[in-house]
Amino acid sequence: MKKILAIESSCDETAASLIETEEHSESFEIKILSNIIASQIDIHKKWGGVFPELASRAHLETMIPVLTESLSDNLENIQEVDSLTVTKGPGLIGSLLMGTEAVNLLASLYQKPIIEVNHLEGHIYAAFARGQEFTITKQDIFPILALVVSGGHTSLIFMKDHLQYEVVAQTIDDAAGEAFDKVSKIMNLGYPGGPIIEKLAQSGNENAYQLPIGLKNELNFSFSGLKTAVLYLTKDPKTQEALEFNPGDLAASFQKTVVDTLILKTKKAIEEFAPKTLILSGGVSANSYLRKRFSRELSKFIPEESILIPPKNLSTDNAVGIAIAGAIKEKFSSYVEADPNLKL
Ligand code: KG4
Ligand code: ZN
């Protein structure tokens, strides 16, 4: 049994998690001991998006309290930890530095090795979490096709084995979560857009507005045309005059078009790469309408039990996924440097 302490601070959540892990010849046993997340939504709400300087300042203030809480309210419990795992990138440099510097300091103070994790690996591995205790097998789940949909990324990732990633498609402009946030701003609904639009969409007719699917015949994604189409339904592009629209119907039609797009591309990738396991993760995967349609429509191709979606609280940014990826990785260093543009 080994204990791993993980920190995630790449954007606007300060998160820490302690897990226990045991490696067997065929599998990893994982037990989640803590999962602490301090959200900065209230700080960034009035700016309509993440304000980077305020994000780093908030990480600085909450890092020690979050870490202490993740260690049963006693920072000295870190003595029992075997290794420290942290998000190296990608993300906001000021935010990432708060996590990596905390880990560098703790590693040298307490003589602990560091495991560096990519934020996207954290999203992918969060999808394996089932309750507090679960098993991740080493072989019979591959190849995996993972759709990561967040505020910064919309990527289809093909994995022949644990920790082996090939990005087979990504967005050429906005990420899916970014599109939710921007459309919410266009409609004056607030931040973050995803949960607000999901709620508003419940009362709308998803077929009221016909909206475009970007790059229909390709694997790559594009959401900027969809965003502009929504903009032009709310404001005349020539006169800039406000137009009348039904907010519920527009939210529902927009959400449906994003989900149609994600399912269409994933289906194409399933045909091309014939995966055994399908993963849906990242902040947008907290969306119930997406979760439902993704499972229902893609279980025609992949058995339902092989479609992995994290519990909703592990869809958005958290440190549990970072801890699990760290447990699988076990590649140690003594110092970690943040990299805002880190590739998988
Ligand atoms: O993974 P995440 O927490 O942070 C990044 O790595 O970006 O994702 C945040 C994104 C935001 O754009 C947010 O609007 C979106 O995920 N999101 C949602 C929902 N909850 C969060 N999008 C659609 N429906 C939701 N329920
Ligand atoms: Zn994320």
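All of these numbers come straight from a predicted model, not from anything done at the bench. Both counts, for ligands and for their atoms, begin at 1 and track the order of listing.
The list of side-chain hydrogen bond (donor to acceptor under 3.5 Å, both in side chains) pairs with a residue in residues 268-280, not counting sequence neighbours, is empty. Applying the side-chain hydrogen bond (donor to acceptor under 3.5 Å, both in side chains) test to every pair with at least one member in residues 154-168, sequence neighbours left out, gives these pairs: E121-Y165, Y125-H162.
For the residue pair S288 and K312, a side-chain donor N or O sits within less than 3.5 Å of a side-chain acceptor on the partner. When only modelled atom types and interatomic distance are considered, H153 and Q170 share no side-chain donor-acceptor pair under 3.5 Å. In this model, a donor atom of one side chain and an acceptor atom of the other lie less than 3.5 Å apart for T135 and E29.
With ligand atoms numbered from 1 in the order given, ligand 1 contributes 7 (O) to contacts under 4.0 Å with heavy atoms of G152. Close approach to S150 involves these atoms of ligand 1, each under 4.0 Å from a residue heavy atom: 1 (O), 5 (C), 6 (O), 7 (O), 8 (O). Ligand 1 places these atoms under 4.0 Å from at least one heavy atom of H119: 6 (O). Which parts of ligand 1 touch P195 is read off a 4.0 Å heavy-atom cut-off, strictly below it: atoms 19 (C), 20 (N), 21 (C), 25 (C), 26 (N).
The closest protein non-hydrogen atom to atom 26 (N) of ligand 1 is E198 OE1, 2.7 Å. Of the protein's non-hydrogen atoms, G194 CA, 3.3 Å is the one closest to atom 22 (N) of ligand 1. Protein heavy atom closest to atom 24 (N) of ligand 1, with residue, atom name and distance, is N287 ND2, 3.0 Å. The nearest protein atom to atom 3 (O) of ligand 1, hydrogens excluded, is given as D317 N, 3.0 Å; this is a heavy-atom distance.
For G282, no nitrogen or oxygen atom sits less than 3.5 Å from a nitrogen or oxygen atom of ligand 1, counting backbone and side chain alike. The distance criterion of under 3.5 Å between nitrogen or oxygen atoms is not met by F180 with respect to ligand 1. Distances between N or O atoms of G151 and those of ligand 1 include at least one value under 3.5 Å.
Here the shortest heavy-atom distance to atom 15 (C) of ligand 1, taken over G321, S315, G91, G283, belongs to G283.
Salt bridge K185/D181: absent, no basic N to carboxylate O contact under 4.0 Å.
Around the Zn ion (ligand 2), protein N, O or S atoms at a distance under 2.8 Å total 3; waters are neither shown nor counted.
A donor-acceptor pair under 3.5 Å is absent between the side-chain atoms of K343 and the main chain of P90, judged by distance alone.
Taking each heavy atom of P113 and F332 in turn, the nearest pair found is CB-CD2, 3.6 Å. Across all non-hydrogen atoms, the minimal contact from A55 to V50 is CB-CG1, 4.1 Å.
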In a table with atom names and distances, give each donor-acceptor pair under 3.5 Å that connects a side chain of residues 13-22 to protein atoms at least two apart or in another chain.
from, atom 1, to, atom 2, distance (Å)
T14, OG1, H59, ND1, 2.9
T14, OG1, T62, OG1, 2.9
S17, OG, S34, O, 2.9

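In this pair, F223 and F221 present their aromatic rings parallel. The plane angle is below 30°, not in the 30 to 60° band.
With contacts defined as side-chain heavy-atom distances shorter than 4.5 Å, the pair M159/I279 does not qualify.
Using a 4.0 Å cut-off between heavy atoms, D181 contacts ligand 1 through its side chain alone, with no backbone atom that close. With a heavy-atom cut-off of 4.0 Å, H123 touches ligand 1 through its side chain alone.
Aromatic rings of F254 and F180 (six-membered ring for Trp) have centroids within the 6.0 Å cut-off, being under it.
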